[in-house]
Amino acid sequence: MSEEILKAEGLRKTFPGVVALDGVDLGLRTGEVHVLLGENGAGKSTLIKVLSGACHPDAGRILMDGRPVHLRTAGDAQRLGISTIYQEFNLVPQLTVAENLALGRPPRRFGFVATGRMEQQARGLLERVGVDVHPRTPVAGLGIARMQMIEIAKALALDARVLIMDEPTAVLTTGEVARLFAIVRQLRDEGVAVVFITHHLEEIAEIGDRVTVLRDGRSVARVPADTSRDELVALMVGRPVGRQYPRRLPRRGKPLLEVSGLTRRGAFGDVSFEVRAGEVVGMAGLVGAGRTEVVRAVFGADRYDEGEVTVRGTRLPPGDVHAAMEAGLGLVPEDRKGQGLVPQAGVAENLGLVTMRDATRAGFVDRARLRSAAAKAAERLGIRMAGLDQEVRTLSGGNQQKVVIGKWLVADARVLILDEPTRGIDVGAKVEIYELVNELTAEGDAVLMVSSDLPEVLGMSDRILVMARGRLVGELRAAGATQDDVMALAVAEVEGSHAE
Amino acid sequence: MPSDALPGRRSPAAAWFAENGALAALVVLVVALSLLSPDFLSVTNLLNVGVQAAVTAILAFGQTFVIVTGGIDLSVGSVAALSAIVLAWTATVAGLPWPPATLLSLLVGVACGLVNAVLIAYGRLPPFIATLAMLGIARGLALVISQGSPIPMPEAVSHLGDTAGGVLPVPVIVMVVMGVIAAVMLNRTYAGRAMYAIGGNEEAARLSGIKVGRQKLITYALSGGFAAVAGIVLASRLASAQPQAAAGYELDAIAAVVIGGASLSGGKGRALGTFVGALILAVLRNGLNLLSVSAFWQQVVIGVVIALAVLVDTLRRRGTT
Amino acid sequence: MPSDALPGRRSPAAAWFAENGALAALVVLVVALSLLSPDFLSVTNLLNVGVQAAVTAILAFGQTFVIVTGGIDLSVGSVAALSAIVLAWTATVAGLPWPPATLLSLLVGVACGLVNAVLIAYGRLPPFIATLAMLGIARGLALVISQGSPIPMPEAVSHLGDTAGGVLPVPVIVMVVMGVIAAVMLNRTYAGRAMYAIGGNEEAARLSGIKVGRQKLITYALSGGFAAVAGIVLASRLASAQPQAAAGYELDAIAAVVIGGASLSGGKGRALGTFVGALILAVLRNGLNLLSVSAFWQQVVIGVVIALAVLVDTLRRRGTT
Amino acid sequence: GGGGATGDVKIGLSVSTLNNPYFVQFRDGAQAEAKKLGARLTVTDAQNDPSQQVNQVQNFTSQNMKAIIINPVDSDAAAPAVKAADRAAIPVIAADRGVNGAEVAQTVASDNVAGGRLAAQELAKLLGEKGSVAVLQGVPGTSASRDRGRGFAEGIAAYPEIKVVARQPADFDRTKGLDVMTNLIQSHPGLAGVFAENDEMALGAVKALGGRAGGQVKVVGFDGTPDAIKAVRAGTLSATVAQQPRLLGQQAVDAAVKAAKGEDLPKAVAVPVKPATKENADQFG
Ligand SMILES: Nc1ncnc2c1ncn2[C@@H]1O[C@H](COP(=O)(O)OP(=O)(O)OP(=O)(O)O)[C@@H](O)[C@H]1O
Ligand SMILES: Nc1ncnc2c1ncn2[C@@H]1O[C@H](COP(=O)(O)OP(=O)(O)OP(=O)(O)O)[C@@H](O)[C@H]1O
Ligand SMILES: [Mg+2]
Ligand SMILES: [Mg+2]
């Protein structure tokens, strides 16, 4: 049995109105992958922030190699060999990939930053995680998945003894997850202790050794990673959860959303599809396939060069979010922090963002009405919060995502575009969201769901559109299709274009 | 139980006080000055402070809208001067009756704001640059129209500088009215709520269907309109419109907003805080006069007190969390 | 293919030009002025422009550090005046030899910056407030020390205002040297890169182990030090240190930085851009003088041209992407 | 360029500030005279910044001006500018304020220190040589504030029964004059007289004093701007030290044109300052 390298005892942390950690114990051995499991808001991220020095516990202690340590800053933890990937991105968008990878510790020569060496190192790291970007590219333009890979590479750069990863796979597609797992296994075999947080239960058996389950800020169980899914869920939620992808009667009404020949040069070309009333249409593809760009263009968030978008028979003017909304379109963006939320505003304020216009009479907003609608939505989604006025930036990641979805629920959109809707959402809540999608479609609304989670796409959609390199490369009926079918389409086209 | 510590569960008075940290600083300042100067705590003097705060406060109310959206308006002082000059010129020189002249003057203020907003929202200029340009343009136009000399204000409008009923100075009334308008706009109207959303996260606001460009037009137009009112009040107090009036007031107005708890990165700010901020500045200047602090030292003392006032606030806030 | 549009693949010259959009505006301005005024494109006049840009440019280089971190330094003009007064006073009145007097003067500038930084990094004051306070304090101290009167500069230091070898004005040399220092600091040193990280995402910088507080001390200290150099150059040009010198220059300095492509929300900005920004302002003022534009209209024209210069840049950028 | 023999004479004028009606009048006088003489006058505004003024004089030399009129922001700080013009062999006329530390062809000035003394005498006369007095100061550290303040202090020292009880800055600004005076009335209710270092502040003080101005409290200003003269006529402003800025502008341009033609000029011409009071106000209209 290998020794415990990092140990936490009785950690407590309270925020105004919330006890985030309420006496958590954790023991981490060298050469193991230790999975942290828990519902949204259970305290996982808070725990790792305490372990990485980003946050100070109110009580309890942390031991490293059996000696108590005092982590005052993130730098302290790094010096002790603890490297962390946080749930929220910690990249500097204006700086290049190479600089982000060396953030805080660039190679120096005669006191000056050695740019050449820095890029050299960056190239090595990028190759290791398999990301094909130039080290001199600014991070700002990269898609969210590649940003996550950069975060991973950055954490690897430290050569740490303890590697903590907060939901690294939430935004990755199968290929990248596989690559990440290969890296993690290699590190584990080299004796690195890994803390791994995920809401994808199937990943636990694949990569984990032991699991610590957190519930309401307490560590309630420690079990081996091969514990059955149902048992894990029961430990985590405290009650059984229904079918993961609830069954639904397929219905096809008239087309609500029609997209034809949508093109933006340099991004995507000739994208045509329709989504009918009562349908869930999935959109799959590799990272960077252009799915996000297409749906943003459809919603009017970005301009496009050619093509048209029609909602319920009316053609939308390009680049006009407001018109899209009026026509009944809604978009849950993939980047919740950057595009979905007003971080320092309260939960109620955020939930009412879209409906504010409708709750306005003679210029005055009926805030009471918005508030009661928000309260209802929060209840329906089970948002864990101290109150409707809690700033959303202090909600747990999963609960933030619920707020973003909630604002469109309140708005009663007819065609809802969900871009990675269940990213970072726990199993229980996922089912709730799926049920919600089903409710919407049962009422005759339509849903277009972009997701990198293939089981989810397969389990929830009626039809699946597959994108590669900015083009729609195929369409599958979900019934009977397998993950391999989808991947074959997505990958084939990429290889084809490389051959050009 | 954790819920005891919830923000909304504290006593309303305590919560209100905690959210208006500048108020604590104002109270300390007032107490200190009443101890140091026997003349400070008289009704007359406090009304004087009110009058002296009025112009800055009105400018700052307008500025609050802009700062809440994450912008900045450096042109308010110049726009105030231009609006007053336009009023005085059209009424006194061109001979227009005062009501249309006043209307025109307000429109000029609003127009300046709209130009700022167009440059910012559609020309993508940083607000600092757009309004810095307007600072020069409006001041220049004020000088051009007036040929550099003061112009008498029409009698009727000048009453805005008087005292109503022999006790309550009209500038104070105007200040309070504008403050209430600003507070109601910010808290209750669509435009106001949209300002917070835009300042908090412009992209999220846009993707939630808020017409960011149009809301910015409203925001800067309001700032321009408030500046025009401030300019008219200022000119009324002097019974003449000065082309160089309110020069440099933009820094005072912004300082009042920030002292009042707003953040220059947007999404935060309240009319009441701004009011307190403007009062702090006015009380400070008034107190220094009463205490006969030497001219050279006054700037030092003002600087130190401003820093302390905000420091008290931030340190207290840190203590709570 | 999409990859054609990726950055980094353009020719270096085009990329450089695209990243320095203000340069295009400067070129347009220079061409326009050479056509409009026969006196503009003479060597003497261009050197004059250089001299006239020097003080603003040096202040703006220091300001660039601050703006890159997402801060703002309103105190640079006052700190420049204070530093010059300290030099002149210790040398002329207190009789210290000029080298220690100059050193002391630089230290005073750095100290002002450090006070700003402590208030900002540890007192959590918004940079706007902390440096606004310092604006008053430093100016006040300059007045107190000088008793409001100009003090002659020591002969030896005054040569900084002269012309080296009968052709090259020393202020221009100092400006270029300070610009190179700023560029190297920003691009190549740990401190410089940390400034970008802090301005781009302060939380990420902190979590990456960057000591944000300490880096802010360095940033504002540099701004203060650059301000001291600017103050000394300014006083040398006038052969006397004036307590009111450089009043209002903070806006020019900030404008130069922003015209040069920096963003007030941090993470962006380059020394070269700042230099171009400062030149635009100087060329503009020089040109208006040469063209005999009436004084009142000058402010209008300056405002319009500043707006246009940045507009050209943003519109062109938008066209590209 | 206009016609006539002097059609080619290009003259540059750098005014310290146009944010003050006094200097606007000064400029108007200069422009009128230039028009009369057929000279081409270029006016720039240094916005009270000595280094901008140096820049402007440098720019004048680039433009090959035949003569330069400088209305110094600061007498000391103007020297390098004048030296620069000297190097280009362009004659310089100093107007309103002198230049210390460099030779000019002529100084056309009304003496601020003397004016300050005159204001003290005038105020003493109005007060019957006793009572408490407040001073409204201009922008601290400017030469106008310094010189006028010094002159007044020297002048008032001759009257032992007059006490200066307060000196507060109001930055040459009318609004600030109003506010500061309002505050001073609170702490010094027994004030008998006020000296303001310019007319703008004086008019602000008059406004603050309301009915008491000219009666209980005598206000003396400085400059003699049209608004101030009007107030003197109305009796609210008791006196102002009138400087005749138009005349100053005229004479400066006169001298500049002569200097451009190479004529010899007397080193100094004093445009007299005199107190404008209700009795003689019409002279200044
Ligand atoms: N800065 C903060 N201020 C107030 N409350 C906070 C803050 N940070 C976290 N919390 C609260 O602490 C609790 C635990 O949050 P945490 O982020 O640790 O959850 P989590 O287990 O990581 O959830 P998720 O799976 O959604 O990421 C939540 O209720 C959250 O709202
Ligand atoms: N290997 C690559 N190198 C550089 N740019 C790429 C690469 N692959 C894709 N891109 C760019 O990324 C953009 C597509 O990103 P987008 O985020 O829209 O895709 P997505 O399918 O939504 O992916 P994600 O799974 O990250 O959401 C395209 O503009 C494309 O040019
Ligand atoms: Mg989390
Ligand atoms: Mg995507």
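Order of the sequence lines sets the chain letters (A, B, ...), proteins ahead of strands, with each chain counted from 1.
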Chain C contact via [X] - side chain, backbone, both or neither, heavy atoms under 4.5 Å:
X	result
L95(A)	side chain
K154(A)	side chain
R108(A)	side chain

*Taking R265(A), R136(A), E99(A) one by one, which has the highest count of heavy-atom pairs under 4.5 Å against chain C?*
E99(A)
_Part of A197(C) within contact of chain A (heavy atom distance under 4.5 Å)_ = both
If you take all heavy atoms of [X] and [Y], which pair is closest and at what distance?
X	Y	value
N201(C)	F89(A)	ND2-O, 4.2 Å
R206(C)	A74(A)	O-CB, 3.8 Å
P93(A)	G200(C)	CD-O, 4.0 Å
A204(C)	L103(A)	O-CD2, 4.1 Å

*Taking C-beta and beyond as the side chain, do V184(C) and F112(A) meet within less than 4.5 Å on heavy atoms?*
yes
*If we only count heavy atoms from C-beta on, is the Y86(A) to L207(C) side-chain gap below 4.5 Å?*
yes
*Donor-acceptor contact below 3.5 Å, side chain Y190(C) vs main chain G104(A)*: yes
*Please check if the side chain of R188(C) supplies one atom and the backbone of V113(A) the other of a donor-acceptor pair under 3.5 Å.*
yes
*Report, as yes or no, whether the 6.0 Å neighbourhood of atom CZ on R105(A) holds more than 12 heavy atoms from other residues, nucleotides or ligands.*
yes
*State the OG1-CZ distance between T115(A) and R193(C), to the nearest 0.5 angstrom.*
8.0 Å
